[in-house]
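Proteins get letters first, then strands, A, B, ... in listed order; numbering begins at 1 in each. Since the model is a prediction, treat every value here as computed from it, not as a measurement.
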Amino acid sequence: MIDVLLTAIAYSSGLALAAAGITIIYMSTGTFNFAHASFTAWGFYVVFSLFSLMKGSPYYYMILGGLFGGVLGIATYYIVNRWLLRAGADMVTLMMSTLGVDLVLFAAINIFADYLTYTYHFNPRLFVLSSYDFKLGSLYGIPVSGIVLVSIIIVVIIIAILQLFLTRTKMGIAMRATIENAMLATVLGINPELIYVLSWFLGGFLGGLGGAILSLLFTGTPNIGMLLIVPEFAASIVGGLYSVFGSLLGGFLIGISQKVGIALLGKWLGGWIIVYEPLIPLLIMAVTLLIYPKGLGGLPWGKIYKRLFKGGE
Amino acid sequence: MTVPVLELNNIEAGYGRVQVLWGINMKVEKGSITALLGSNGAGKTTTLRVATGILYPWSGIVKFENTDVTNLPPSSRAEVGIVMVPEGRRLWPKLTVYEHLELGAYSKRAKEKFHDSLDLVYQLFPRLKERKNQLAGTLSGGEQQMLAIARSLMSRPKVLLMDEPSLGLAPHLVIEVFKVIDKLRELGTTILLVEQNVYMSLQVADYVYILENGRITLEGISEEVKDSEKIRKAYLGI
């Protein structure tokens, strides 16, 4: 059970980052980005291809996976999203357009996989990077992979950077202002397009980085995005869609309950249940929203903090 | 004659197929307070939207210091110095007072004078200094209006467009707001004041335009307008 929990923690970290990316893009541009899981899949492939070509450790290429996701985000904005936003497109149109982007990116991954196969004779349609991970030691006789610790460290660093950026820099404050009221920000001289590009970059970066982390956990295939899209969206929605930190929490709630839940169910009910694993994130999402309609980000965290640490009000 | 800071020439504008403004001509002279008065639905806010660039006119020209800015987007207009105080104390409820002031000085031109502007604003509104780390959403109505004005002053406006600053405020706060406007004039700020409160506006304004059904029906220096038969009957009730 400990090995399941460790995998679940690393999985949740990657999921949380990707979900935070979905939330950032949604909050600032109102676009529900269906192409996000393809950004994540590209994070997988950047790490895999660079590692296969240049060796070393998969960890060297993680940040590049994130940056490539960021570039995909910027490209999506300039090629598709920008024109629709200018034309005043509604939410549904924005959302459907990213479905188109998703198909393009999915096709591109397959083309890239074929290119790797024919040119370098890799096996990009089925690769496992976890065997190249380092071992931290063992816990009750179970080996602990490096990714468990590294993924947690990355999440903490990202939270710190985001917090500093959003509250200490002018650009970050301008971003929050644009999210709260774009027209008001505009008449005060804040160029909303700059904020939109920045959000797409940040969102894409987190999506790609999430993928880079997950590439050390899962078998990589061109279809990996399809496996991840449901839990990513579930995490973002559980987080309340209007809070970056809420979606980070959502990532952990969804990720841990998915991996631990399916292991427990498998033990109790038998192996046949495993194929129903993708259902768990959706169930958790539905139950959470029934109890807290505004999602985790909408909870009164200030009050909860006071209750817990200061003994009531 | 000096060059007006802001000039609207023959503006026609509307939403969809509905025409709201029918040939508006206005000038805002440097260092003066110009009031645009009228009742609900007369087209006051639409005129302001054209001036700030949120709404592009169907025809006509917007001039700023004698250059055509009709096609300049709103964020660039704020940069050159056309700054608006939006109606209804529009703030960002989840940003602190200080963050509002920081964002007010977003443009390059305003950033250089950030500390001067901050001193001025704190001197005008000492309350805001006390509350600089408080979220804007937790301020009282009057304080919110002061913050909205302070934020726009941080932008170093060459012309300040005020959209109904007294709307929805208690009477003693209305008086407070007009006192601030008077003080701003003393500091040499050029203001275009859009108001429904005709009585108070006539007290502070130098030049007045009356807007009715999208047309300017009366204009003149405020002393003359105050004494005109029409205004006395329609707006002042005397």
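In this structure, the ring of A:Tyr242 has its center less than 6.0 angstrom from the ring center of A:Tyr26. A ring-centre distance under 6.0 Å is found for A:Phe233 and A:Phe34.
Contacts between B:Pro93 and chain A at a heavy-atom distance below 4.5 Å involve backbone atoms as well as side-chain atoms. B:Ser107 does not touch chain A: none of its heavy atoms, backbone or side chain, sits under 4.5 Å away.
Taking CG from B:Leu91 and CG from B:Leu147, the interatomic distance works out to 5.0 Å, rounded to the nearest 0.5 Å. Within the model, atoms CD of A:Glu180 and CZ of B:Arg90 stand 13.0 Å from one another, a figure rounded to the nearest 0.5 Å. To the nearest 0.5 Å, the span separating CZ on A:Phe32 from CG on A:Leu241 amounts to 4.5 Å.
Listed options B:Met84, B:Glu79, B:Glu102 were ranked by heavy-atom pairs under 4.5 angstrom with chain A; first place goes to B:Glu102. When each of A:Val187, A:Leu188, A:Asn191 is scored by its heavy-atom pairs under 4.5 Å with chain B, the top score falls to A:Leu188. Among B:Glu99, B:Lys111, B:Met154, B:His100, the residue making the largest number of heavy-atom pairs under 4.5 Å with chain A is B:Glu99. Ranked by heavy-atom pairs shorter than 4.5 Å toward chain A, the options B:Val83, B:Thr52, B:Ile54 are led by B:Ile54.
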